[in-house]
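Take a look at the structure below.
Values below: every heavy atom of this structure, side chains too, minus hydrogens, waters and symmetry copies.
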Amino acid sequence: MSIYLIAESIIPIGCVTIVLITLPIYTTTVGGIVDILAILDNYLMGILPARGLFLPFYLSSTKIGATYLVISWGLRYSQNITALLMAINRLTAMVTPTRFRKIWSNQICLAAHAVQILPGIFFGGILYSTDFYYEDSGLGGIYTMVREL
């Protein structure tokens with residue numbers, strides 16, 4: 001067994017372990033919830049079919065693969081906006097520490113949560129209307145692909 005295969009097997013287990021240990025703290029933010037959903041979506045809808053596990057279920061409809069890509073790409077938008085909002089939040093804390101609480105009031109925080117979630121839903125929803133197909137992964141499984149125009 002090559003070192004690549006050993007590392008490929010150990011690294012995802014280590015990442016999941018770290019997530020489970022920090023889960024109670026991490027899930028208190030929208031960004032944490034989005035990241036955890038992205039991990040679950042990637043493992044359950046991306047890695048398992050690529051490895052050839054549960055193929056009859058995944059091959060029963062292309063809508064299953066389409067749902068994977070819609071969720072995955074929608075969550076990427078949310079993750080990027082979360083990173084941007086965190087950077088802006090930290091910048092305002094450093095540049096204007098005396099006005100930080102006033103700038104990041106409850107109303108602004110609620111608006112920030114909406115900005116984190118709504119674009120991901122919108123752009124993911126647009127993707128759902130495209131044409132999808134399955135392609136052999138070379139590992140005994142399948143990948144979900146978007147048919148190009």
**Report entry** Over 12 foreign heavy atoms within 6.0 Å of OH, Y77
**Finding:** no

Requested in this report: Test I71 against M45 for side chain to side chain contact (heavy atoms under 4.5 Å, CB included), laying out the working first.
Outcome: CA-CA 10 Å; I71 292 171; M45 306 277 288; 5.7 Å; no

Requested in this report: Please step through side chain to side chain contact (heavy atoms under 4.5 Å, CB included) for the pair D136 and Y143, ending with a clear verdict.
Outcome: CA-CA 6 Å; D136 181 29; Y143 290 132; over 6 Å; no

Report task. Tell me, with the steps shown, if Y43 and L48 meet side chain to side chain contact (heavy atoms under 4.5 Å, CB included). Result -> CA-CA 6 Å; Y43 276 97; L48 293 181; 5.7 Å; no

Report summary line: Between L55 and I142 the two heavy atoms that sit nearest each other are CD2-CG1, 3.7 Å

Query raised in the report: Minimum heavy-atom separation for G120 to S78, with atom names?
Result: CA-OG, 3.9 Å

Report summary line: Taking every heavy atom of Q79 against every heavy atom of V34, the minimum-distance pair comes out as CG-CG1, 3.6 Å

Query raised in the report: What heavy-atom pair brings A114 and P119 nearest, and what distance separates the two atoms?
Result: O-CD, 3.9 Å

Requested in this report: Using the rule that two of Ile, Leu, Val, Met, Phe, Trp, Tyr join whenever any of their side-chain heavy atoms come within less than 4.5 Å, decide whether L84 and M86 are in one cluster.
Outcome: no

Query raised in the report: How far does CG of L75 sit from CD1 of I33, to the nearest 0.5 angstrom?
Result: 11.5 Å

Query - Test side chain to side chain contact (heavy atoms under 4.5 Å, CB included) applied to L59 and F54, step by step - result: CA-CA 9 Å; L59 291 174; F54 310 111; over 6 Å; no

Query - Nearest-0.5 Å distance that lies between atom CG in N42 and atom OH in Y68 - result: 4.5 Å

Query raised in the report: Could you give the distance from SG (C109) to CD1 (I103), rounded to the nearest 0.5 Å?
Result: 11.5 Å

Query raised in the report: Roughly how far, to the nearest 0.5 Å, is the CG atom of L69 from the CG atom of D41?
Result: 8.5 Å

Query - T144 and its side-chain contact (heavy atoms from CB on, under 4.5 Å) partner, picked from F132, Y133, Y58 - result: F132

Report summary line: Correct closest heavy-atom pair for Y134 and S61 would be OH-O, 2.7 Å

Query raised in the report: When clusters are formed by joining ILVMFWY residues with side-chain heavy atoms under 4.5 Å apart, either directly or through shared neighbours, do I81 and W73 land in the same one?
Result: no

Requested in this report: Kindly work out whether a path of hydrophobic side-chain contacts (I/L/V/M/F/W/Y, heavy atoms less than 4.5 Å apart) joins V70 to L44.
Outcome: yes

Query - Contact summary for F57 and I64, nearest pair of heavy atoms - result: O-CD1, 3.1 Å

Query - Distance (rounded to the nearest 0.5 Å) between F100 CZ and R90 CZ - result: 10.0 Å

Report task. State the CG-CG distance between L40 and L37, to the nearest 0.5 angstrom. Result -> 6.5 Å

Query raised in the report: Can any side-chain N or O of N80 pair as donor or acceptor with the backbone N or O of R76 at less than 3.5 Å?
Result: yes

